[in-house]
Amino acid sequence: MLASYLLNPNKSNHNLEDVCLEYLGVKKLAYNDVTDKGKLNFREVPVDSATCYSGEDAAAALKLRKLLAPAIEKQGLAKLFYDMEMPLIEVLADMEMAGVKIDVPLMNAFSAEMEKEIASIEKRIYFIAGEEFNINSPKQLQEILFEKLSLRTRRKTKTGFSTDIDVLEQLALEHELPREIIEHRTLSKLKGTYVDALPRLVNLKTGRLHTSFNQTVTATGRLSSSDPNLQNIPIRGEWGIKIREAFIAEKGFLLLSSDYSQIELRVLAHLSIDEGFIEVFRHDGDIHARTAMELFGVPAGELTPEMRRRAKTVNFGIVYGISPFGLSKQLGIPPDESRDYIETFFVKHKGVRDYMNRTIEQAAEAGFVSTMFGRKRPIPELKNTNKNIRQLGERLAINTPVQGAAADIIKVSMLNIWRRLKEERLKTRMLLQVHDELLFEVPEDEKDLAMALVKEEMENAVKLEVPLKVDIGACVNWAGAH
DNA sequence: CACTAGTGCAA
DNA sequence: TATTGCACTAGTG
């Protein structure tokens with residue numbers, strides 16, 4: 001289904017049945033049997049038919065391949081398809097089969113500890129609220145906060161008033177209950193989604209967690225991970241760190257984590273050839289500090305952590321195609337102030353400004369954007385009559401080449417690393433990819449060799465106008481490998 | 001059991 | 001009114 005995906009990344013379903021329906025005009029193909037003198041005969045069967053043969057998926061795929069191969073060629077996607085995505089299948093299969101080990105007893109201990117903490121917070125919440133209710137129900141929580149306690153409502157949702165983290169943080173300034181709710185939410189989220197759920201998914205034969213890496217899901221060329229999603233394991237906060245400590249290496253092995261440092265901003269520097277960005281990255285400078293100096297007009301020595309934090313948010317916002325309103329919401333400052341930041345940024349980075357304008361113009365003209373590896377994303381939003389949707393299209397046009405190129409780059413490095421590990425007969429195994437990070441399991445005595453190999457291949461996956469930088473570390477658990 | 005809404009975890 | 005995902009619970013049908 002890779003071909004269908006590359007030809008139309010905007011479509012959500014790239015499973016066999018949907019693609020058959022779209023390209024072949026049938027629900028599903030069945031392979032007729034081997035009795036037909038070696039000649040393949042196809043017949044159409046409904047999806048829900050009880051008459052299913054083991055060869056039908058392969059037969060359908062073969063037929064689709066003949067149909068889609070010329071389209072792949074015609075759209076200039078052949079290299080991407082045959083040299084990147086197809087070879088990557090085996091790499092991902094190896095990673096899925098390898099799985100990752102978790103410390104189940106440790107997770108269980110966390111669970112008990114969290115259970116107690118949650119129960120104690122619960123008691124306080126019921127006492128403050130004056131009644132018991134389901135804290136996990138936004139509907140019931142609204143009644144308590146906005147009706148019983150008469151706290152000021154903030155944002156609206158489709159069905160009522162929002163009780164999300166931003167709202168609760170504001171309410172916490174005026175009442176003691178919201179703080180307890182936040183604590184409760186955090187703990188029950190981490191307990192329910194990770195600490196309790198993951199141990200149940202450990203495979204009985206391998207004793208490890210096996211994810212699925214989905215190659216035909218995202219609009220930008222990233223992978224996704226599901227069942228379980230191992231690309232959103234917590235990392236922040238006390239409990240986030242603890243959960244990562246429960247991702248461990250096999251006895252005699254270490255977990256090796258290597259991640260690209262600011263790969264998206266480096267890609268943006270490359271694509272835009274912006275003087276300031278290129279200068280910072282060529283000298284391995286602190287990009288957020290540099291932006292902070294520009295925004296606040298102070299020398300490096302006078303920068304405060306708050307100034308750098310704001311600049312970091314601005315830099316991220318740039319990659320997403322920021323608006324003054326969005327930035328003000330993110331920073332919790334007036335829109336006027338955030339507008340000044342954006343204007344100042346673009347005055348100091350005319351290269352980025354011009355690149356973004358060019359990109360949007362080209363996207364509107366061609367109807368799609370491309371990454372540096374020729375991956376395409378149609379952006380029909382740019383032709384929409386609704387201004388909000390058109391502006392969304394502009395943000396997609398800005399973000400996709402950057403996020404997509406970063407995805408391309410790490411895929412190249414995965415292929416090169418996988419091949420070298422095989423050629424050089426190393427026992428190191430690639431386990432996970434988390435967008436800009438790779439996680440390996442490495443025999444203790446292979447650590448130095450593997451670290452050198454991985455760093456080398458990631459930093460040299462492609463040649464850009466600025467160097468690619470990789471941070472790398474190894475430890476018995478995932479938390480310590482960072 | 002399938003689906004939506006709200007929420008929140010990651011890059 | 002910031003990009004890309006996945007999964008949890010509550011609630012509904």
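Naming: A, B, ... by sequence-line order, numbering from 1 per chain.
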**Student:** Anything under 4.0 Å to a heavy atom of chain A counts; send over the first and last such nucleotide of DNA chain B, read 5' to 3'.
**Tutor:** dA5(B) to dA11(B)

**Student:** Please give, in whole Å, the distance from dC6(C) P to Lys189(A) NZ?
**Tutor:** 14 Å

**Student:** Of the listed nucleotides (dT1(C), dG5(C), dA2(C)), which one gets closest to any side-chain atom of Asn388(A)?
**Tutor:**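 Ranking dT1(C), dG5(C), dA2(C) by closest atom to the Asn388(A) side chain puts dT1(C) first.
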
**Student:** Return the residues of residues 119-154 of chain A meeting this criterion: a heavy atom under 4.0 Å from some atom of DNA chain C. Order them by number, or give none.
**Tutor:**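 Under 4.0 Å from DNA chain C: Asn134(A), Asn136(A), Ser137(A), Gln140(A).
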
**Student:** Would you say Ser226(A) places a side-chain N or O within less than 4.0 Å of OP1 or OP2 belonging to dC6(C)?
**Tutor:** no

**Student:** Distance check needed: dA7(C) C1' versus Leu230(A) CG, whole Å only.
**Tutor:**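 To the nearest whole Å, that distance equals 12 Å.
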
**Student:** Atom CZ of Phe213(A) to atom P of dC6(C): distance rounded to whole Å?
**Tutor:**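 Result: 12 Å.
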
**Student:** Any salt bridge between Glu183(A) and Arg179(A), counting N to O under 4.0 Å?
**Tutor:** no

**Student:** Parallel, tilted or perpendicular: which fits the ring planes of Phe316(A) and His288(A), with parallel below 30° and perpendicular above 60°?
**Tutor:** parallel

**Student:** Output yes when at least one side-chain N/O atom of Arg377(A) is less than 4.0 Å from OP1 or OP2 of dT4(C), else no.
**Tutor:** yes

**Student:** Given atom CG of Leu187(A) and atom P of dC8(C), what is their separation to the nearest angstrom?
**Tutor:**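 Answer to the nearest Å: 18 Å.
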
**Student:** What I want to find out is whether Lys242(A) reaches Glu113(A) closely enough, with some N-O distance under 4.0 Å, to be called a salt bridge.
**Tutor:**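 Counted as a salt bridge, because a side-chain N and a carboxylate O are separated by less than 4.0 Å.
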
**Student:** If I take atom CZ in residue Arg339(A) and atom C1' in nucleotide dT1(C), what distance separates them, rounded to the nearest angstrom?
**Tutor:**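 For the pair Arg339(A) CZ and dT1(C) C1', the rounded distance is 15 Å.
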
**Student:** Side chain of Asn232(A), heavy atoms from C-beta onward: which of dC8(C), dT1(C), dG5(C) has the nearest atom to it?
**Tutor:**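 The listed nucleotide nearest to Asn232(A)'s side chain is dG5(C).
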
**Student:** So if I take residues 389-417 of chain A and measure heavy-atom distances to DNA chain C, which residues fall below 4.0 Å?
**Tutor:**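 Those residues are Leu392(A), Arg395(A), Leu396(A), Asn399(A), Gln403(A).
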
